[in-house]
Protein chains: 2
Amino acid sequence: MDRNMLFFCSFCRHKTDDELHQLDCHIDHSISRYERNRYIAHQGDPIRDLYMLLDGQVRTEMVSSTGIVLPVSIISAPAPLAAAFLFATDSRFPVDVIATEPCRVARIPRSAVEGQMASCPGFLRGFLTFSADRMRLLSDRIKVFGHKGIKSKVAYHILLNEHQGEFKMGHSITWLAEYFGVERPSLSRAISELVRDGIIAYRNGNGTILNAAALREMAL
Amino acid sequence: MDRNMLFFCSFCRHKTDDELHQLDCHIDHSISRYERNRYIAHQGDPIRDLYMLLDGQVRTEMVSSTGIVLPVSIISAPAPLAAAFLFATDSRFPVDVIATEPCRVARIPRSAVEGQMASCPGFLRGFLTFSADRMRLLSDRIKVFGHKGIKSKVAYHILLNEHQGEFKMGHSITWLAEYFGVERPSLSRAISELVRDGIIAYRNGNGTILNAAALREMAL
DNA sequence: GCATATGCGTAACATTTGTTACGGTATTGA
DNA sequence: TCAATACCGTAACAAATGTTACGCATATGC
């Protein structure tokens with residue numbers, strides 16, 4: 001069994017290849033190959049299987065009801081595709097999934113996934129943890145958007161990453177601007193203003209909180 | 001066994017009370033009661049149990065690192081509390097949870113939850129579906145935020161809810177404004193402009209797409 | 001009937017944010 | 001060393017959004 005197939009099984013992932021070969025753990029699945037630019041799934045397709053991208057890379061695209069295409073993201077193996085939605089009510093692919101290079105994809109029927117969950121605690125826990133961690137990413141992002149105004153977002157982000165008056169931005173300004181959903185120059189300006197107003201000191205990704213009260217005020 | 005305890009079990013939820021009493025399905029759990037304004041959980045507390053709000057209502061609050069409090073949401077029974085994070089890596093309550101009226105809360109140890117998942121397919125599926133549906137809500141919201149500019153958000157929302165040239169907003173303008181993270185008058189203005197420019201007709205929550213091309217253009 | 005609350009559209013104005021363009025620094029690889 | 005690239009700060013101006021206030025409906029309860 002392919003090691004990547006065991007992505008979700010926290011127990012199995014740490015076994016040696018020898019141990020894996022001796023393992024009596026068979027999950028019903030089929031493997032498909034896709035050439036570059038082939039569609040692995042179309043937006044709206046019902047999700048009946050767990051899709052595991054074993055090798056290669058895909059891009060996902062969203063198609064609006066009458067044809068505009070907007071890129072969403074790039075996913076590299078090994079990774080599940082739309083795993084979060086497999087068990088959703090009326091679960092369908094929210095995007096097109098297209099191979100950007102030759103890919104190998106394993107499909108595991110939902111029933112087999114459920115069976116594996118019931119019989120293999122590591123698999124169950126792996127899946128749940130993967131889902132939960134992903135949910136946390138989304139949830140954190142939503143919280144950022146809950147703060148109106150760039151300075152409020154920045155202030156919130158700083159308070160989250162604060163440790164004894166110091167903080168690290170943790171990412172490039174360019175990256176953060178995308179994360180916040182604002183333009184880079186705007187974010188840059190916002191930070192400059194925080195510095196100008198004596199609320200923080202900042203340089204090169206690291207900073208110090210000078211006026212905690214004002215910063216808290218901004219985070220609303 | 002309390003019917004609310006079986007929130008996640010799609011099989012059990014549809015049984016009659018008689019059937020429930022005869023059911024040989026015992027989940028290890030303890031039940032606590034909380035008076036109004038009592039803390040059920042503090043932000044940062046490790047999550048070791050599944051919290052099920054059986055009766056009453058809670059509010060969640062977020063506390064920034066130095067004390068500001070911002071309200072997040074109200075949750076009414078029956079509902080799980082932070083269920084999405086139970087299996088996260090280093091899972092902790094992201095918010096304070098405070099009773100707004102007398103509450104009853106069942107706590108089921110994580111290990112018992114895992115055991116129940118392994119032995120009761122309905123429970124497993126119920127939990128997974130709940131998580132997945134919730135993930136979809138968050139995911140949809142993130143997608144909205146991915147569209148910059150109010151008109152782009154509105155256009156996207158309309159295209160999502162379009163059906164043969166007609167659409168329903170589905171919510172009040174006030175509600176949508178919050179959902180989009182913009183001010184109500186701003187949203188109102190944006191819609192008015194779409195109408196003024198002959199792109200849509202709109203009245204009372206329902207509308208018609210007049211210029212699909214322009215609308216698609218706006219959704220980027 | 002009346003007071004109250006909610007939801008909605010509108011307007012004028014203030015503020016924030018986007019846009020575009022430029023220059024500077026650091027890194028990388030030829 | 002040099003060119004190419006990525007990342008960042010800044011500025012001036014344009015555009016979008018927020019703010020505040022008002023009037024009008026509709027529902028609700030007294």
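Every chain is numbered from 1, with letters handed out A, B, ... down the list of sequences.
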Considering only distance and modelled atom types, tabulate donor-acceptor pairs under 3.5 Å from the side chains of residues 80-89 of chain B, sequence neighbours left out.
{"from": "B/Thr89", "atom 1": "OG1", "to": "A/Asp133", "atom 2": "OD1", "distance (Å)": "3.4"}
{"from": "B/Thr89", "atom 1": "OG1", "to": "A/Asp133", "atom 2": "OD2", "distance (Å)": "2.6"}

Task: Stepwise side-chain contact (heavy atoms from CB on, under 4.5 Å) check, A/Arg33 with A/Arg104 - done: CA-CA 5 Å; A/Arg33 291 166 192 282; A/Arg104 222 158 45 95; 3.2 Å; yes
TODO: Give a yes/no on whether any side-chain N or O of B/Ser186 is located under 4.0 angstrom from OP1 or OP2 of D/dT17.
DONE: no
Open item on the list: Is it the case that atom NZ in B/Lys168 sees more than 12 heavy atoms from other parts of the structure closer than 6.0 Å?
Closed with: no
Task: For A/Arg134, salt bridge (Lys or Arg N to Asp or Glu O under 4.0 Å) partners two or more places apart - done: none
Open item on the list: With a strict under 4.0 Å distance from non-hydrogen atoms of chain A, what nucleotide opens and what nucleotide closes the contacted stretch of DNA chain C, reading 5' to 3'?
Closed with: C/dT17 to C/dT20
Return the polar atom pairs (N/O with N/O) between nucleotides 13-16 of chain D and the protein under 3.5 Å, or none.
none

Task: Under 3.5 Å donor-acceptor, B/Thr100 side chain and B/Gln57 backbone - done: yes
Task: Contacts of type side-chain contact (heavy atoms from CB on, under 4.5 Å), residue B/Ala201, not counting sequence neighbours - done: B/Thr208, B/Leu210
TODO: Fit a plane to each ring of B/Tyr202 and B/Phe167, take the angle between them on a 0 to 90° scale, and name the class: parallel (under 30°), tilted (30 to 60°) or perpendicular (over 60°).
DONE: parallel
Open item on the list: Below 4.0 angstrom, which residues in residues 167-176 of chain A have at least one non-hydrogen atom near DNA chain D?
Closed with: A/Ser172, A/Ile173, A/Thr174
Task: Centroid separation A/Phe93 to A/Tyr51 less than 6.0 Å - done: yes
Task: Earlier contact from the 5' end, DNA chain D, for B/Leu187 and B/Arg184 - done: B/Leu187
Task: Residues A/Met169, A/His157; criterion side-chain contact (heavy atoms from CB on, under 4.5 Å); working and verdict - done: CA-CA 8 Å; A/Met169 281 301 189; A/His157 185 260; 3.9 Å; yes
Open item on the list: Below 30° counts as parallel, above 60° as perpendicular, anything between as tilted: where do the rings of B/Phe145 and A/Phe145 land?
Closed with: parallel
Task: Nearest-nucleotide 5' precedence on DNA chain D, A/Asn204 against A/Lys148 - done: A/Asn204
TODO: Report which part of the nucleic acid B/Phe180 touches: base, sugar-phosphate, or nothing (heavy-atom distance under 4.0 Å, all strands).
DONE: nothing
Task: Value in whole Å for how far the P atom of D/dT17 lies from NE2 of B/His147 - done: 14 Å
Task: Gap between atom CD1 of B/Ile191 and atom OG of B/Ser186 - 0.5 Å precision - done: 11.0 Å
TODO: Rounded to the nearest angstrom, tell me the gap between atom CD in A/Glu183 and atom C1' in D/dC7.
DONE: 15 Å
